[in-house]
2 protein chains.
Amino acid sequence: MLDERKASILRAVVEEYIQTAQPVGSGHVADAPGVSVSSATVRNEMAALEADGFLAQPHTSAGRIPTEKGYRYFVDALAEPSLDRFAAQQVRAFFDHAHAGIEQMLADTTRLLTGLTNHAAVVVGPTHDAAVVRSVQLVSLAPRVALFVAVLGNGSVEKRTIELDHDADDLLLADVAAHISLALVGNPLEAALAGIGTSGRSEIDAVTSLVLDEIVTTVDGGEQVFVHGSSRMAEAFDAVETVRSVLTILEQQLVVVALLRDVVDRGLNVAIGTETGMQPLADCALVVAPYTVDGEQVGTVGVLGPTRMNYPQALAAVAVVGQRLGHRLSEG
Amino acid sequence: MLDERKASILRAVVEEYIQTAQPVGSGHVADAPGVSVSSATVRNEMAALEADGFLAQPHTSAGRIPTEKGYRYFVDALAEPSLDRFAAQQVRAFFDHAHAGIEQMLADTTRLLTGLTNHAAVVVGPTHDAAVVRSVQLVSLAPRVALFVAVLGNGSVEKRTIELDHDADDLLLADVAAHISLALVGNPLEAALAGIGTSGRSEIDAVTSLVLDEIVTTVDGGEQVFVHGSSRMAEAFDAVETVRSVLTILEQQLVVVALLRDVVDRGLNVAIGTETGMQPLADCALVVAPYTVDGEQVGTVGVLGPTRMNYPQALAAVAVVGQRLGHRLSEG
DNA sequence: AGTTGGCAGTCGGTAGGATCGAGTGCCAAT
DNA sequence: ATTGGCACTCGATCCTACCGACTGCCAACT
């Protein structure tokens with residue numbers, strides 16, 4: 001799409017702008033390695049790149065900064081994911097190290113990602129619909145309150161409080177649990193929706209149906225989101241108002257999940273500025289990688305930073321962390 | 001400590017400064033209700049208040065702003081916690097409404113508090129050492145990995161992965177669980193440390209001791225922290241650097257827990273500026289309230305904002321939320 | 001004696017103006 | 001086609017003047 005020379009000039013602009021956050025002028029570009037023409041030629045090419053929408057000028061006598069389209073081209077055609085040695089070492093250490101449980105591990109993964117990229121990190125936990133149920137239990141908390149606890153094969157534990165119509169003793173609850181176990185254990189949670197028959201005892205069936213209602217709400221919308229490093233947003237922007245609006249987004253877990261899902265569903269691994277579809281993120285870029293457990297996409301890791309972020313670094317970090325995380329979770 | 005007139009002048013300064021964030025001059029104070037002397041008199045009194053360390057002048061020809069000592073006096077002697085009708089309504093609605101589980105409820109509580117005060121909110125979850133164990137289970141995840149799951153009386157579920165030395169089949173795990181249950185169910189978790197005897201079967205005792213090791217790490221340091229509304233920090237300060245350093249604190253859960261605990265242990269309900277003991281929080285104030293379950297302090301709710309925050313509002317919000325939360329959790 | 005209006009003085013914040021310099025577009029020369 | 005040169009633009013910076021919101025102090029007043 002762009003000839004060799006234009007491409008190298010665009011690359012130079014993006015790389016310098018990412019470092020300095022200042023509009024970059026023809027002189028600097030001409031000095032950059034990979035560009036071996038004079039600044040005058042660069043000026044001509046930059047004017048062309050601006051006409052084509054890859055660069056923009058904040059004002060007449062200033063250097064150029066990349067547009068979204070410019071970043072997009074950079075990411076698609078010019079950025080080589082690369083992880084420096086030290087970062088690779090961090091990742092290795094992280095995944096060699098044991099973690100207390102799946103939630104803890106996912107939370108720690110966000111910390112790893114912020115450490116690697118110096119940006120806010122997001123991890124969406126594995127969906128539950130595919131995970132196999134290992135154990136089902138009903139525990140009485142109060143006369144008419146019980147807790148439904150399901151242990152999944154990946155080590156996560158789902159629980160819901162159940163409000164009962166009538167008093168239920170431990171014996172009845174145990175019977176119900178046994179009945180549900182029959183259909184559930186060894187199968188994914190969603191199997192419960194179809195696979196549970198009647199027991200022949202109406203008390204059991206009554207409680208069972210209450211439990212089933214709760215399982216429905218658990219199966220969909222059960223994703224957990226972990227966010228960390230939002231403080232880095234305050235390093236990325238110097239307009240406090242921008243920081244505030246971005247942080248507000250990051251605080252809304254449902255929005256974050258929807259955002260990530262949307263980006264992944266569009267087949268992107270990077271969403272730049274308005275590509276995120278969220279107005280407050282106009283100055284942000286989101287780099288994501290789905291991770292797979294047993295060959296199935298179950299979650300996403302991502303990094304959110306300013307559009308002028310280090311894409312090669314972020315792409316590499318997100319890719320390798322996603323991959324290793326998937327492996328680790330596949331082991332069980 | 002302060003005579004009537006000085007007190008009302010200090011109050012006027014604090015209240016106006018909280019609203020406007022501007023140094024307040026003698027003229028405005030003289031206009032304030034509760035002050036019925038001329039601005040000249042106010043000037044004299046303000047000079048005295050400054051000499052005594054309650055007020056400070058950013059520069060010679062500016063109004064006064066409260067010092068930490070000034071805020072402290074305001075909080076101790078002048079602030080009447082007050083919750084407006086709408087806020088009270090919000091609280092009522094919140095606690096009338098059902099919540100999916102204890103974690104969800106605590107997380108939602110932080111949302112409630114930010115909603116009420118427009119500041120960042122923190123909730124430290126109930127400690128586990130007092131909670132009674134309702135059920136104990138061991139679930140096999142992989143040949144040598146098991147998950148220890150304990151359901152507590154307050155509806156929370158504690159779990160730890162256990163790495164086993166040898167393969168253990170479901171039967172053995174069930175036996176171990178039964179053995180542990182014997183000592184634990186009906187007692188607080190910490191009872192496990194003392195109360196478990198030998199079973200007479202060495203395989204069981206071996207696994208049991210592994211489980212006990214994990215219980216130790218669960219009992220202490222098991223507090224969960226929920227933080228929400230850090231975006232509001234970006235509204236409170238206009239120096240992006242301040243925002244960053246405060247957010248960094250809020251991201252470190254251990255630090256936050258220690259901070260809250262420290263403040264509560266000192267018997268304070270408000271920590272102002274350097275009273276927090278954390279340099280980056282020099283411009284912040286922390287308002288906390290412990291909450292009790294069955295008469296025992298088990299956790300803390302709190303609000304973190306700029307030193308120039310609405311203390312009456314924050315004090316009232318934190319107090320009532322803490323109280324209602326305690327009640328709610330006591331019901332089970 | 002305490003309180004008050006008046007007044008000179010201080011000093012940050014804002015507006016206008018000059019200057020500086022990085023960067024551009026264009027053109028003629030190579 | 002590329003390049004060095006040049007006139008031009010325009011934000012950033014600095015200076016100055018000015019305004020206004022204060023204060024501290026003092027003399028007058030109750």
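Model, not experiment: these values are computed from the prediction. Within every chain, numbering begins at 1; the chains are lettered A, B, ... in the order of the sequence lines, protein sequences first and strands thereafter.
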Hey, does the side-chain of B:S61 have a donor or acceptor N/O within less than 3.5 Å of a partner on the base of D:dT23?
no
Between C:dT24 (C1') and A:H59 (NE2): distance, integer Å
10 Å
Mind listing the N/O atom pairs, protein and nucleotides 3-5 of chain C, below 3.5 Å?
from, atom 1, to, atom 2, distance (Å)
C:dT3, OP1, B:R5, NH1, 2.6
C:dT3, OP2, B:R5, NH1, 3.3
C:dT3, OP2, B:R5, NH2, 2.9
C:dT4, OP2, B:S38, N, 3.1
C:dT4, OP2, B:S38, OG, 3.4
C:dT4, OP2, B:T41, OG1, 2.5
C:dT4, O5', B:S38, OG, 3.4

So, does A:T60 get its side chain near the phosphate of C:dG23, meaning an N or O under 4.0 Å from OP1 or OP2?
no
Okay, side chain of A:T67, backbone of A:G53: is any donor-acceptor separation there less than 3.5 Å?
yes
Do other residues, nucleotides or ligands put more than 12 heavy atoms under 6.0 Å from B:E241 CD?
yes
Could you check how far NZ of A:K6 sits from C1' of D:dT2, rounded to whole Å?
14 Å
Specify the separation, in whole Å, of atom CD of A:Q22 and atom P of C:dA22.
12 Å
Taking CG in B:D238 as the centre, count heavy atoms belonging to other residues, nucleotides or ligands within less than 6.0 Å. Is the count above 12?
no
For C:dA22, does OP1 or OP2 lie under 4.0 Å from any side-chain N or O of A:R64?
no
Given A:E251, A:R244, A:Q252, the one that forms side chain to side chain donor-acceptor pair (under 3.5 Å) with B:S231
A:E251
Measure from CD on B:E50 to P on D:dC22 and round the result to the nearest Å.
15 Å
Return the value, rounded to whole Å, for the distance between atom CG of A:L55 and atom P of C:dG25.
11 Å
Would you please name every residue forming a salt bridge (Lys or Arg N to Asp or Glu O under 4.0 Å) with B:R11, sequence neighbours left out?
B:E15
Between C:dG12 (P) and B:I65 (CD1): distance, integer Å
14 Å
Find the distance B:Q57:CD to C:dG9:C1' and express it as a whole number of Å.
13 Å
Return no unless some side-chain N or O of B:S26 is found under 4.0 Å from OP1 or OP2 of D:dT23.
yes
Can you list everything that forms a salt bridge (Lys or Arg N to Asp or Glu O under 4.0 Å) with A:D262? Sequence neighbours excluded, please.
A:R266
In whole angstrom, give the distance that lies between atom CG of B:D31 and atom P of D:dA21.
13 Å
For the backbone of A:V42 and the side chain of A:E45, can you confirm whether one donor and one acceptor N or O come within less than 3.5 Å of each other?
no
